[in-house]
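Step one of this worksheet: look at the structure below.
For reference, positions follow the sequence shown, starting with 1. As the structure lists them, so they are numbered: ligands from 1, and atoms in each ligand from 1.
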Amino acid sequence: MHLVMIGGSDAGISAALRARELDPAADVTVVLEDAYPNFSICGIPYYVSGEVTRWRNLAHRTFADLEAAGMRLRTDTTARRIDVPGRKLLVTTADGGEELLGYDKLVVGTGAVPVRPPITGLSGPDALGPAGGVHLLHSMGDTFAVMHTLEQAGPASAVIVGAGYIGLEMADALTIRGLRVTQMEQLPEVLPTVDSQLGALVHAELASHGVEVLTGTTVRAISKASPGGSGRLQVIATAADGTAVTRTADMVLVVVGVRPETTLAAEAGATLGVKGAIAVDPGMHTNLPDVFAAGDCVITHHRLLGQTYLPLGTTAHKQGRVAGENALGGNRQFAGSLGTQVVKIFDQAAARTGLRDHEAAAAGFNPVTTETAADDHKAYYPGSHRITIRVTGDRTTGRLLGMQLFGHKNAEIAKRADIAATAVYHGMTVDAVSDLDLSYTPPLGSPWDAVQMAAQAWTRATRPR
Ligand SMILES: Cc1cc2nc3c(=O)[nH]c(=O)nc-3n(C[C@H](O)[C@H](O)[C@H](O)COP(=O)(O)OP(=O)(O)OC[C@H]3O[C@@H](n4cnc5c(N)ncnc54)[C@H](O)[C@@H]3O)c2cc1C
């Protein structure tokens, strides 16, 4: 059995590892277009900040580890065409030659590419790119280009276009490096994946670390600034009230989201679904015989929403594992995402799982959302922090639908979101969260954990006795 995986990141490598784990005799080849298999691109901001000192440390596993696991790695090799009936993959090799690779089963893990928004100066023949200090950020190659600008041009200032989680992590990273950062976001608040009440707390954290945050601000053009000014690039934007906003900076980072990379699969006849991602069933089968797909290139099965598109590393790992198992003839199903995610912004963290109020309403639930503040551990023990928690539950059934948290990075925000994720996964009611037997000692918690206090507040508000 010869399995070929296209893509050397979370999905492709997870598929390859799982196949080798289940069948040490399986012949597994991973084809990737760059030379960085199994790198943690989630760690890029921490390499840029300098907290991770060497880029090689971002590897989940080294090249040698992967080869020792029994897979053949074809780096600098681009998949060009899938011959589905012939079960062959046409690739361009590192030396520019072409080669046909036969396969029994194929896993497409081509991932996502950064969205290039319609900003003058970002596309077209005269577009500014990394050499001019204008960057997109997704791959290790993009990271090296950013580092080249930082180390060679010595920028004093940066404009970051976009205030999603990657934009926020990069604001943190570039500030740590000593740059003056302006963050421009066209939506009314930063981190639009959480409610604006928590976004406002993130906003305040950015501002308290010197980041100039301009929300409701749509970037229109990036151009070279006139010589002698305070930066080598000029960014022109429009504020929510229609007025023009102009900033100069030495570098510009555009991080406004990703879109699935589906060209190869689509040209082979794969059906596309939500947001143009490859349609797969929960077993990661595409509509093409012997072709599976996983990761940021596919639609996401969500436990509460059905089909959506929610590209995350956690999901790509799980889907890749399912694809690898099923490519060997298994019958595993991806259990579904809840969109659980967390981001650190300077000294604070924001996390969410499940649905927010408007998402739940759109999905046919009868949602109510309440907000509570509770201490992460007993306030009499030094170093306690308040956590703001928003609980969304269904008024009709009492079911927990989602939770959002904001608080100090040492206040176990992520793990508390994971308690909620576990509860939502298992369809628990908000009230039942109070019954969970959670751990307690004063330096680390409270007899009622903060998550339970928030659950009780929701129940009081919705089920008054
Ligand atoms: C800066 C940053 C921070 C992030 N932080 C987090 C986080 O904290 N938590 C989280 O859950 N997620 C995070 N993510 C998202 C996460 O990294 C992605 O969801 C995950 O990497 C997706 O994995 P993937 O294998 O599907 O695709 P990708 O990582 O996009 O990899 C696609 C692979 O396919 C290869 N490829 C594409 N086309 C071809 C072709 N034609 N031929 C050969 N090879 C090809 C590429 O070279 C690459 O190896 C972050 C992403 C970034 C950029």
N or O contact, T78 vs ligand 1, cut-off under 3.5 Å: no
shortest atom 11 (O) of ligand 1-to-protein heavy-atom contact is with G313 N, 3.0 Å
Option whose closest heavy atom lies nearest to atom 35 (C) of ligand 1, chosen from G7, A265, P114: G7
Which value, rounded to the nearest 0.5 Å, describes the distance between T388 atom OG1 and H385 atom NE2? 13.0 Å
Check whether Y425 forms a cation-pi arrangement with R303 (NZ or CZ under 6.0 Å from the six-membered ring centre, at most 45° off the ring normal). yes
Shortest protein contact, atom 50 (C) of ligand 1 (heavy atom only): Y165 OH, 3.4 Å
for atom 51 (C) of ligand 1, nearest protein heavy atom and its distance come out as I166 CD1, 3.8 Å
Identify, by atom number and element, the atoms of ligand 1 in contact range of S9, meaning under 4.0 Å from any of its heavy atoms. 21 (O), 23 (O), 25 (O), 28 (P), 29 (O), 31 (O), 49 (O)
Would you check the N or O atoms of A11, main chain and side chain alike, for any that come under 3.5 Å of an N or O of ligand 1? yes
State the atoms of ligand 1, each with its element, that fall below the 4.0 Å cut-off from a heavy-atom position in G109. 32 (C), 33 (C), 34 (O)
Does T77 reach ligand 1, in the sense of a heavy atom lying below 4.0 Å from it? yes
is_close_aromatic(H135, H148), centroid dist under 6.0 Å: no
Geometric N/O contact A79 with ligand 1, under 3.5 angstrom: yes
What atoms of ligand 1 come within less than 4.0 Å of a heavy atom belonging to A316? 22 (C), 23 (O), 26 (O)
Of M5, E33, E261, E169, the one whose closest heavy atom lies nearest atom 45 (C) of ligand 1 is E33
